Amino acid sequence: MVKLTDDYLNNKAAFEQAGIKVPTYDQAALKQATADHPRWVHFGGGNLFRAFHAAIANTLIEKGELDSGVIVGETYDDDVVKDIYQAYNNRILRVVTKADGNFDKELFASVAEAYFFNPSHEDDWNNLFDVFKKDSLQVVTFSITEKGYNLRTVNGDLNDLTKADIANGPEKPRGNMAGLVSLLLARFNNGKAPLALLSTDNFSQNGDRLKESVLTIAKGWQENGFVGADFLAYLQDPQQISFPLSMIDRITPNPAEAVGDKLATAGFEDHEIVHTPKHTNIAPFTNTEEAHYLVVEDAFPNGRPKFEDAGVIVTDRDTVNDADEMKVTTCLNPLHTALAIFGSVLGFDSIAKELQNKDLVALIKQIGYVEGLPVVTDPKVINPKDFINQLVTKRLPNPYIPDTPQRIATDTSQKIPVRYGVTIKHYDERDGFDPATLEFIPLTIAAWFRYLMAVNDEGASFEPSPDPMMADLQKYVGDIKLGDDVDVHAHLKDVLTNTSIFGQDLYAVGLGEKVENYFKQMIAGKGAIVATLEKALADHAQAVD
């Protein structure tokens, strides 16, 4: 048996016997180099970072193109730092799972330090301030989820935490963004060195969202007399502080017990999953898929690691936007959402299991290849059709990626404007296209209404996934019973005309009645969802090459 903390340089054979690739660099020397000249800080020490960013750093260190390690600033869970990073000498075992059951296992020692970034942990807090004061720091990356950038309530007002952070100033911030601006202020006061702040969180225009949050805090501090106009000028000068856009794609779920069991069988000792009091599920290993994409805007005013030599696509801003739109409006997210909706109402507990259902596979192929691809902008750096091919044949069917339709169905009302609304808009605006010809996007929207009834296809109640609009939306369909002869138009019209949900009035583009018709079929009785899907495929499915 080998452990993550074993001497991988002098005990390489034991790791090889367990099928684990190990670094060739000395971790202690890397740690010292990082203390002398830090290059890269990453906020958010969760599974995505451990599977993806740490791997990029590892590759560049191995190639001699990065001369220090990554410093992790965990912002949510101090137990992650204590029980996962520090307990295992900041090492990571990354397991790439493949649909055929094979694993690629590699040990990373690319994390030099891990800190809990909160004023309650004074040493960690001060250590990160020292790092930010050093001119050598080039890039700060983020994977803190979209909620980590949020400063406002659902009504658009500043939330109480942000109001307090603005009122109290830079000394003891409580929120992530106020803490970040405090670090930037320390850098400004210590010589004004440039820096790139690169959001790699999985939502569109992520760099712009990060910039907006940073400037909201900074402007509030200026108004309250904590900082001067020169600090605002520093943050707003792209030659000083940049906020590059990115598109990231790598399915990295919570650690899987099945993966841990296979690691144990192969001779790896540290296979137990940690469940922290804050409900973080994390392990000494991280399991992820084979496919991965990171497209980054090349805007780094203090230089950068040679990311492209680790598979990152470094390009211009417009290309990043095109790659992001390709993914979220056509080639991945709309297919994922369709599987989430249908999977929830049909009783599936795994995305991979849904890919064993021929009708659900046919559905997502129609949405992706037939309805989406004709209007997507090709980003050139990734082929859209190849992207869907890989998703349908390799990524989604992978049984070792334990993703669920219920997780993907979270916040669906917030996702529909992008995942389906953009394609509908393209059909409406472009010559030669008519949104009324769409069939499987409106079918999925109808299934979403059926999902909102919280009754599955067998007539049993289920608990829908969290959604900020759930209570409001259920008022329109919650009183419908299977088999009822109801006025569907009266129930759905107020939602189908809601431009904040669909991006346009669906009646105005010729889809409202189509959604109503599909929904009426789906409430006919038990088994009606399956019957409606089968009929739609029989009547409207087009051949896919």
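Side-chain atoms are counted along with the backbone in the values below, which use heavy atoms only and exclude waters and symmetry mates. Here the structure is a predicted model, which means the values were calculated and not measured.
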Decide whether [X] and [Y] meet the rule of one side-chain donor and one side-chain acceptor closer than 3.5 Å.
X    : Y    : result
T252 : N47  : no
Q205 : N321 : yes
T162 : N159 : yes
N102 : Y400 : no
T200 : H53  : yes
S199 : R209 : no

Distance in Å, K493 NZ paired with L496 CG, rounded so as to fall on 0.5 Å steps:
10.5 Å

Looking at OG1 of T532 and CZ of F342, how far apart are the two atoms once the value is rounded to the nearest 0.5 Å?
8.5 Å

Students often mix this up, so state it plainly: with edges at 30° and 60°, are the rings of F519 and F449 parallel, tilted or perpendicular?
perpendicular

Tell me whether the rings of F203 and Y149 are parallel (<30°), tilted (30 to 60°) or perpendicular (>60°).
perpendicular

Just one of V392, T337, I388 clears the side-chain contact (heavy atoms from CB on, under 4.5 Å) bar with I364, so which one?
V392

State, to 0.1 Å, how close [X] and [Y] come at their nearest heavy-atom pair, and which atoms those are.
X    : Y    : value
L492 : Y507 : C-OH, 4.2 Å
D324 : M247 : CA-CG, 3.6 Å
A340 : P405 : CB-O, 3.4 Å

With P374, which residues qualify under side-chain contact (heavy atoms from CB on, under 4.5 Å), at least two apart?
Y427, F433

Could you check whether K327 makes a cation-pi contact with Y293, meaning its NZ or CZ is under 6.0 Å from the centre of the six-membered ring and within 45° of the ring axis?
no

Does the cation-pi check pass for R395 over F387, that is, NZ or CZ under 6.0 Å from the six-membered ring centre and within 45° of its axis?
yes

Salt bridge (Lys or Arg N to Asp or Glu O under 4.0 Å): which pairs involve residues 339-366, sequence neighbours left out?
D349-K353

